[in-house]
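First comes the structure, then the notes that go with it.
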Amino acid sequence: MQQESKRLLQAGKTIAFVPTMGWLHEGHLALMREGRRLGDTLIVSIFVNPTQFGPAEDFQTYPKDLDRDLNLANSVGVDVIFAPEIGAMYDKAFQTHVDLEMLPRHLCGLSRPGHFRGVATVVTKLFNIVRPHVAIFGEKDYQQLAIIRRMVHDLSLNIRVVGVPTVRESDGLAMSSRNTYLSEDERRSAQSLFHSLKQAQENVAEGIRDAEELIRGASELIGSHPHVKIDYVSICDPETLEDVDRVEGAALMALAVRVGKTRLIDNAILKPIAD
Ligand code: PAF
């Protein structure tokens with residue numbers, strides 16, 4: 001991959017890059033279509049990164065089907081797929097990590113210790129291997145996107161980071177490789193994440209500004225469904241991810257909910273309509 005990137009750069013090509021963990025869905029394809037638009041060459045990585053999974057998480061069972069992924073990537077005009085073996089990314093003596101100080105201390109970082117260190121490290125490695133001009137990420141993983149933007153800025157990586165809006169199923173459920181784990185019943189409960197975000201947006205439009213009240217409303221809506229266990233419902237500053245008490249400007253509402261054994265996340269911007 002490093003040789004191929006060098007060749008592309010020497011030929012004056014701009015490289016657009018979409019990092020993924022495979023089991024591609026429409027959400028990934030939307031990132032790739034954006035990448036296709038933004039670069040001469042579109043490179044996609046498929047790598048289930050062990051260092052971003054906790055010991056009790058689904059690394060071993062994460063869904064995989066490389067042939068299926070290759071066909072889907074082909075259908076949107078991907079030029080190069082980089083699918084390294086674990087040993088090629090991490091040798092036995094591996095000991096260098098990229099860690100951010102503040103952004104991982106919120107939202108998913110609280111219940112997934114070490115997760116964002118794993119993400120920041122692997123994304124840095126992938127950036128160094130692929131050497132993209134532009135990298136595209138989904139807004140569904142809002143905290144990940146914020147962390148990567150900050151990291152690229154802090155480390156002067158000279159890569160444009162582009163966020164793409166969440167792609168949803170027709171019932172509103174945010175697309176995720178992990179949706180494949182849901183039973184039919186759980187799938188119905190999972191819709192409550194999207195419905196609670198919509199409800200909060202409506203509440204804000206009606207004039208409710210108190211974050212606690214909005215969070216209570218969302219938690220009650222989600223909690224009224226079977227199989228759910230809320231990890232967090234948070235309203236925070238969209239840049240620092242610090243909790244806010246009131247929704248005066250734009251605020252981020254972010255959720256993580258376990259539905260059965262599957263942990264799902266979603267988010268939306270809450271914004272009062274200007275007077
Ligand atoms: O969002 C993902 O799929 C992963 O966290 C990423 C960015 C590919 C890093 O492993």
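Values below: all heavy atoms of this structure, side chains included; hydrogens, waters and symmetry mates excluded. Keep in mind the model is a prediction, meaning the values are calculated, not measured. Indexing begins at 1, ligand by ligand and atom by atom, following the structure's order.
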message: Heavy atoms only, cut-off 4.0 Å: how does L126 contact ligand 1, side chain, backbone, both, or neither?
response: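 Contact part for L126 vs ligand 1: neither.
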
R131 vs L8 side-chain heavy atoms within contact, under 4.5 Å: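 No, side chains not in contact.
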
- prompt: Relative to each other, are the rings of F47 and Y90 parallel, tilted or perpendicular (30° and 60° limits)?
  reply: tilted

query: Considering only protein heavy atoms, which is closest to atom 1 (O) of ligand 1, and at what distance to one decimal place?
result: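 In this structure, atom 1 (O) of ligand 1 has Q144 NE2, 2.8 Å as its nearest protein heavy atom.
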
Less than 3.5 Å apart, any donor N or O on the side chain of [X] or [Y] sitting next to an acceptor on the other?
X    : Y    : value
T166 : D266 : no
T41  : D79  : no
N49  : T51  : yes

I need the atoms of ligand 1 closer than 4.0 Å to a non-hydrogen atom of [X], numbered in the order shown.
X    : answer
V122 : 9 (C), 10 (O)
T20  : 8 (C)
P19  : 8 (C)

message: My understanding is that we take every heavy atom of each candidate and find the minimum distance to atom 9 (C) of ligand 1. Doing that for Q52, H28, M21, K140, which one comes out nearest?
response: Q52

